[in-house]
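All values below come from the heavy atoms of this structure, side chains included, with hydrogens, waters and symmetry mates left out.
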Amino acid sequence: MIIDVQHHAMPRSVFEKFHDPSLPPKRVFTNGIDFVFNPRLCMFDEHLRAMDGAGVDMALLSISQFANVMGKDLCREINEGFAEEVAKNPDRFCVAGCFPQDDIEAAVDEIEYMVKELKFPAITMLTSMSPEITLSSEEHTFPIYEKCAELGVPIFLHVHLNPFGSEKVCTINRSLARGFDAAKAALRLIYDVLPKFPTLDFVMPHFCGAFLALKGRSVAFSEVEGPGVQPVEEQYKNLPKTPLEVKELGWEAAFDERFNRLYIDGAGSGGWPPMTEMAFRVVNHDRLMFATDYPYEVHTARDYKYYIDSLDAMDISEEDKKAFLGGNAARLLKLNK
């Protein structure tokens with residue numbers, strides 16, 4: 001079974017409020033985000049055609065990168081529109097619902113509604129909202145975590161499309177800043193959130209952004225304590241720890257105990273093989289999940305197949321390929337129950 005866990009869509013009734021679906025994609029800056037109204041978002045027959053052409057069995061629908069900054073009424077309309085699409089194709093679509101992330105009371109209410117009434121198996125949340133609203137802002141995010149832990153649903157993260165402080169020149173906000181935003185989100189979870197929510201599952205977007213390339217550096221500067229961690233010699237105390245020291249003194253094990261709790265989705269590069277290979281080297285294979293960012297980084301069945309077929313050239317066991325392509329997602333989303 002192949003499951004795409006980052007597959008974007010928008011109910012047609014919502015899309016038409018902002019753009020004519022018969023026209024080419026339109027890029028807009030609204031509510032602090034840089035969003036492209038791609039008509040394929042609302043063409044669900046096209047979604048199924050692309051999936052069928054590449055043998056993709058199911059897609060987890062989401063659109064938090066737009067909806068979560070647009071208020072509670074639009075989130076409700078999107079969630080109910082998604083529920084109608086699931087009712088038409090229950091074996092092909094499931095949903096990670098959206099919610100108004102800057103309105104905590106409305107957010108908690110919408111999460112309860114989408115899980116209990118609409119039967120969504122997950123929610124989607126942005127990696128940041130503003131300098132004041134981050135993943136480790138207790139006032140703004142911990143009630144969301146508490147509700148998800150109570151309901152037993154995972155949180156799928158998506159990068160903010162125009163992270164605070166990013167530049168639009170040279171494509172920086174789209175090509176680099178989003179990856180840095182995801183990396184910052186990972187460290188915030190590792191340091192401030194995971195210890196307080198031991199049963200909650202988070203899925204990092206876009207292969208965790210820049211974090212996999214910077215994981216070794218993050219461990220070198222780690223302040224994550226844990227059983228068996230030994231102090232660094234005084235002469236090296238204010239310096240980054242070396243690869244030998246982080247192993248010998250237990251810092252790597254303490255850091256990885258938290259990092260290994262995160263799931264990592266495979267979107268963010270359009271299936272670029274070097275990125276996939278890095279993920280299989282850095283992340284435990286039971287925590288990796290196939291994702292495409294359709295219809296943005298993947299457009300058609302050809303692009304889907306390119307990504308899926310590229311796995312055959314990698315040094316990955318058949319068991320791990322199956323887990324990546326769908327097994328891990330099915331387990332997390334409880335699709336086999």
Exercise. Do you see a donor-acceptor pair shorter than 3.5 Å between the side chains of D293 and H8?
Worked result: yes
Exercise. Shortest non-hydrogen contact from P90 to M58?
Worked result: O-CE, 3.9 Å
Exercise. Does K215 make a cation-pi contact with F259, if we ask for NZ or CZ under 6.0 Å from the ring centre and within 45° of the axis?
Worked result: yes
Exercise. When you check the gap from the basic side-chain N to the acidic O, do K237 and E233 get nearer than 4.0 Å?
Worked result: no
Exercise. Considering residues, nucleotides and ligands other than E223, do more than 12 of their heavy atoms fall under 6.0 Å from its CD?
Worked result: no
Exercise. For the atom pair OG1 (T141) and CD (E138), what is the distance rounded to the nearest 0.5 Å?
Worked result: 7.5 Å
Exercise. If you measure only the distance, is there a donor-acceptor pair under 3.5 Å linking the side chains of E110 and N79?
Worked result: yes
Exercise. Does NZ or CZ of R76 lie under 6.0 Å from the centre of the six-membered ring of Y113, at an angle within 45° of the ring axis?
Worked result: yes
For this session: For A182 and T127, work out which heavy atoms get closest and say how close.
Result: CA-CG2, 4.2 Å
Exercise. Mind checking whether M125 and F156 have side chains closer than 4.5 Å, heavy atoms only?
Worked result: no
For this session: Return yes if a side-chain donor-acceptor contact under 3.5 Å exists between N328 and R331, otherwise no.
Result: yes
Exercise. Do F324 and F280 make the cut of ring centroids closer than 6.0 angstrom?
Worked result: yes
Problem set entry | K247 NZ: over 12 foreign heavy atoms closer than 6.0 Å | no
Problem set entry | K321, NZ: over 12 other non-hydrogen atoms inside 6.0 angstrom | yes
Exercise. Considering residues, nucleotides and ligands other than F180, do more than 12 of their heavy atoms fall under 6.0 Å from its CZ?
Worked result: no
Exercise. Which word best sums up how the rings of Y304 and F290 line up, parallel for under 30°, tilted for 30 to 60°, or perpendicular for over 60°?
Worked result: tilted
Exercise. Nearest 0.5 Å, what's the CD1-CG distance between I264 and L157?
Worked result: 10.0 Å
Exercise. Is there a donor in the side chain of Q6 and an acceptor in the side chain of H206, or the other way round, less than 3.5 Å apart?
Worked result: yes
Exercise. Between F66 and F37, is the gap from one ring center to the other below 6.0 Å?
Worked result: yes
For this session: With N68 as reference, evaluate N31, L74, L126 under the side-chain contact (heavy atoms from CB on, under 4.5 Å) test and give the passing residue.
Result: L126
For this session: Please work out which of the three classes, parallel, tilted or perpendicular, describes the rings of F82 and F44, given edges at 30° and 60°.
Result: perpendicular
Exercise. Taking all non-hydrogen atoms of both residues, which atom of A122 and which atom of L333 are closest, and how far apart?
Worked result: CB-CD2, 4.0 Å
Problem set entry | I172: hydrophobic cluster co-members (side-chain, 4.5 Å) | V169
Exercise. Do Y145 and F202 have ring centres separated by under 6.0 Å?
Worked result: yes
Exercise. Would you say the side-chain atoms of T171 and S175 include a donor-acceptor pair closer than 3.5 Å?
Worked result: yes
Exercise. Parallel, tilted or perpendicular for H7 and H47, by the 30°/60° rule?
Worked result: tilted
